[in-house]
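Numbers for residues simply follow the sequence, beginning at 1. All values reported here derive from a predicted model rather than from experimental measurement. Computed from heavy atoms alone, side chains included, the values below leave out hydrogens, waters and symmetry copies.
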Amino acid sequence: MLGLMQNWPLLAYKIIDYAAQQHPRRKVVSRSIEGPIVETNYAQLRNRALKVAQRLVAHGIRPGDRVATLAWNTARHLECWYGIMGAGAAYHTVNPRLFKDQIAFIINHAEDRLLLLDTTFVPLIESVADQLPTIERYVILTDKAGMPKTALINAVAYEDWLAEADGNFSWVEVDENDACGMCYTSGTTGEPKGVVYSHRSNVLHSLIACMSDNFRISSRDVALMVVPMFHANSWSLAFSALMTGATLVLPGSKLDGASIYELLEKEKVTFSAAVPTVWLMLLQYLEANNLELPLLERVIIGGSACPRAMTKTFADRFGVDVIHAWGMTEMSPLGTFCSLKPETKSLEIEAQYDLKMKQGHPPFGVEMKITDDEGRALPWDGKAFGRLKVRGPAVSSAYFKGAGGNILDDDGFFDTGDVATVDEFGYMQIVDRSKDVIKSGGEWISSIDIENIAVGHPDVAEAAVIGVRHPKWDERPLLIIVPKKDRTPTKQSVLAFLEGKIAKWWMPDDMVLVQEIPHTATGKILKTALRDKFSNHVLPTAQEPAARTGS
Ligand code: ADP
């Protein structure tokens, strides 16, 4: 027997219809690329998105086409997203932090037909434009007055281009399973791969994000969307803020402490989401200027591990609740949230901070398991660690054009590439990336754990740990250190610092000092480059294998 409910397709552009109808005058505030802070609302945003869609269709954009954006978070960028989706096409957010060749690669791979870009990125795109044969037109997100001189083909000022549409238009009808957006992985290993979101996955994922244990966002919130729309689908905020009717604040290109503080204070922000580095800049600015955050209630921190000290400073000093979150582009991207379940409420405050170092528990809609290399499920005891795999309606089933082949196991789970523990309460903690974990004598050593402790040494600025070949143990850890300015930490003193804080057999077999550690475009340590560089490094223990017997 079939249910007798209406078949109301989950189409992402219905979100802006809802916001415009129920919250028409709710403010959308942007720090414009031109400089001033400007204001619009959801009703106006929808009107302009309709014009974008109409203008795209007039250009010849058809359902399934890809339209690229290379832009900061502003109302213009947001209306472009909705206009692209409303034309039946897929927005492709190009990440300006990728290397130039990768930017050209992903635009070609996605076969983007138009590129909508901020003036900031015109020089960058001019330098690769001769490698972009699929782009028919460049729309620069400014008006006539702000239009830079450019040799880009068919370049037009966005406001002029938009003025050619009257907005008398209805969204193009598509299926809820049709492509709606695209984002490429940052390509730490190999070429970037295209993740393709559907209307359905974006709607479900955003509904999930809004729930009380997650964003807990409502029309009473003022949400500052720091996380860029070009980074992992804006963590859903480009949808979830609108579907709840929250006031939306968009920081443009300025993510430094002073600029973020200005928006927090002026716009009375209650809720925000960003990576740890942004919060670090803000906290330093607050400390240096002796400022408070009386209205900010909670922040989502993810993208890389949120340090315990950050959670504690936010809570103790500023009364702000930190919700640590984990996810990845392939998961739309949210996977877990570290909100407190009732069984953890009785923990002492310091123990709660310890718990909040974990990446958290998945919401309804994300299934999770940890397995060994053979795919056998491991216990949820907070100790056993293995490959973290996930399944759900907003998790990738394949990459664009089949890149990377089959990415699911026999039960349909996607291997996240992370190594994690899960405790008895269902809280997941990332231990390492699976490619970075060090396999020593059949056991795994977490490079991240050692790095996190090593950076606590007073002379250490940055630390990386990689596995180096060893004749007896397969691999043993090599500790690579960037010293603080004018300091020269010795191997002895750093190893002594680690002693007692990690298992004996996790102790690095050697340490080297370097000037700098290479990073990916998104600021993660580039372990592949380090492994290449030190592939011939001979560990002192490798020359005398007998010395380690019994350790
Ligand atoms: P990018 O490399 O562009 O940041 P993703 O956002 O897709 O791309 O990166 C996802 C990866 O980032 C995860 O697989 C995980 O390794 C790491 N990550 C994300 N959030 C956290 C977190 N809270 N703690 C530790 N690692 C995290």
Inset, instruction - Please test Ile260 against Met281 for side chain to side chain contact (heavy atoms under 4.5 Å, CB included), starting from the C-alpha separation and ending with a verdict. - result: CA-CA 9 Å; Ile260 293 294; Met281 288 190 290; over 6 Å; no
Inset, instruction - Could you please spell out the steps behind the side chain to side chain contact (heavy atoms under 4.5 Å, CB included) verdict for Met428 and Met368? - result: CA-CA 9 Å; Met428 181 276 287; Met368 198 171 77; 3.8 Å; yes
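- Interatomic distance, CG of Leu141 versus CG of Leu162, reported as 10.0 Å (0.5 Å rounding).
- Looking at every heavy atom in both residues, Val38 comes nearest to Ser32 through CG2-CB, 4.2 Å.
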Inset, instruction - Could you walk me through whether Phe121 and Trp72 pass the ring-ring contact (aromatic ring centres under 6.0 Å, His included) test, one step at a time? - result: CA-CA 10 Å; Phe121 301 121; Trp72 300 104; 5.5 Å; yes
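- Looking at every heavy atom in both residues, Pro393 comes nearest to Leu204 through CB-CD1, 3.9 Å.
- Across all non-hydrogen atoms, the minimal contact from Ile33 to Thr120 is CG2-OG1, 3.6 Å.
- A donor atom on one side chain and an acceptor atom on the other are found under 3.5 Å apart for Asp418 and Trp326.
- Across all non-hydrogen atoms, the minimal contact from Ile217 to Ala241 is CD1-CA, 4.1 Å.
- For Glu297 and Arg216, the salt-bridge test fails: no basic side-chain N is under 4.0 Å from an acidic carboxylate O.
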Legend entry - Step-by-step side chain to side chain contact (heavy atoms under 4.5 Å, CB included) determination, Phe230 to Arg97: CA-CA 9 Å; Phe230 58 71; Arg97 292 177 187 149; 4.1 Å; yes
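- Tyr158 places none of its side-chain heavy atoms less than 4.5 Å from the side chain of Asp118.
- A side-chain donor-acceptor contact under 3.5 Å links Asn214 to the backbone of Ile208.
- A distance-only check finds a donor-acceptor pair linking the side chain of Thr336 to the backbone of Gln359 [under 3.5 Å].
- Between Arg31 and Glu262 there is a salt bridge, with a side-chain nitrogen of the basic residue lying less than 4.0 Å from a carboxylate oxygen of the acidic one.
- Residue-environment remark: CZ (Phe99) exceeds the threshold of 12 foreign heavy atoms within 6.0 Å.
- Judged by distance alone, with hydrogens and angles left aside, the side-chain atoms of His324 form a donor-acceptor pair with the main-chain N or O of Lys358 at under 3.5 Å.
- Between Leu124 and Lys100, the shortest heavy-atom distance links the atoms CD1-CG, 3.7 Å.
- Although no hydrogens or angles enter the test, the distance criterion places a donor-acceptor pair under 3.5 Å between the side chain of Arg26 and the main chain of Gly245.
- Counting only N and O atoms by type, the side chains of Thr247 and Lys268 include no donor and acceptor under 3.5 Å apart.
- Put simply, the side chain of Phe385 does not reach to within 4.5 Å of the side chain of Gln429, judged on heavy atoms.
- A salt bridge links Arg317 with Glu287: at least one charged nitrogen is closer than 4.0 Å to a carboxylate oxygen.
- Using a 4.0 Å cut-off between a side-chain N of Lys or Arg and a carboxylate O of Asp or Glu, Arg48 and Glu159 qualify as a salt bridge.
- Between the CE atom in Met85 and the CH2 atom in Trp81 there is a gap of 7.5 Å [rounded to 0.5 Å].
- Under the 30°/60° scheme for interplanar angles, the aromatic rings of Phe271 and Phe215 are found to be tilted.
- Ile502 places a side-chain heavy atom less than 4.5 Å from the side chain of Ile450.
- To the nearest 0.5 Å, atom OG of residue Ser236 and atom NE2 of residue His205 are 5.5 Å apart.
- Ring geometry for Tyr285 versus Tyr261: interplanar angle of 30 to 60°, hence tilted.
- Using a 4.5 Å cut-off on side-chain heavy atoms (C-beta onward), Asp221 and Arg298 make contact.
- Using a 4.5 Å heavy-atom cutoff, the side chains of Met211 and Asp213 are not in contact.
- No hydrogens or angles considered: a donor-acceptor pair under 3.5 Å links the side chains of Ser339 and His361.
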Inset, instruction - I would like to know whether Asn233 and Tyr91 meet side-chain hydrogen bond (donor to acceptor under 3.5 Å, both in side chains); could you show each step before the answer? - result: CA-CA 10 Å; Asn233 214 17; Tyr91 60 82; 2.6 Å; yes
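- Taking the six-membered ring where the residue is Trp, His92 and Tyr184 present tilted rings, their angle falling between 30° and 60°.
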Inset, instruction - Show the numbers, then the answer: is there a side chain to side chain contact (heavy atoms under 4.5 Å, CB included) between Lys369 and Lys389? - result: CA-CA 5 Å; Lys369 66 178 177 183; Lys389 298 179 182 172; 4.0 Å; yes
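- The ring of Trp380 has its center no closer than 6.0 angstrom to the ring center of Phe425.
- Using modelled atom types, no side-chain atom of Ser396 and backbone atom of Val195 make a donor-acceptor pair closer than 3.5 Å.
- Proximity of Glu462 to Glu516: side-chain heavy atoms (C-beta onward) are nowhere separated by under 4.5 Å.
- Aromatic ring centroids of Trp171 and Tyr82 lie 6.0 Å or more apart.
- When atom types are taken as modelled, the side chain of Thr74 and the backbone of Ser30 share no donor-acceptor pair closer than 3.5 angstrom.
- Proximity of Leu248 to Val29: side-chain heavy atoms (C-beta onward) are nowhere separated by under 4.5 Å.
- Side-chain atoms of Tyr353 and Asp316, non-hydrogen and from C-beta on, do get closer than 4.5 Å to each other.
- Annotation: the span from Met243 atom CE to Ser206 atom OG amounts to 4.5 Å, rounded to 0.5 Å.
- How far CD of Glu176 is from CG of Leu10: 4.5 Å, rounded to the nearest 0.5 Å.
- Listed here is the closest heavy atom pair of Arg433 and Thr416: NH1-O, 3.4 Å.
- When only modelled atom types and interatomic distance are considered, Glu34 and Thr142 share a side-chain donor-acceptor pair under 3.5 Å.
- A distance of 10.5 Å separates CG of Leu263 from NZ of Lys254, quoted to the nearest 0.5 Å.
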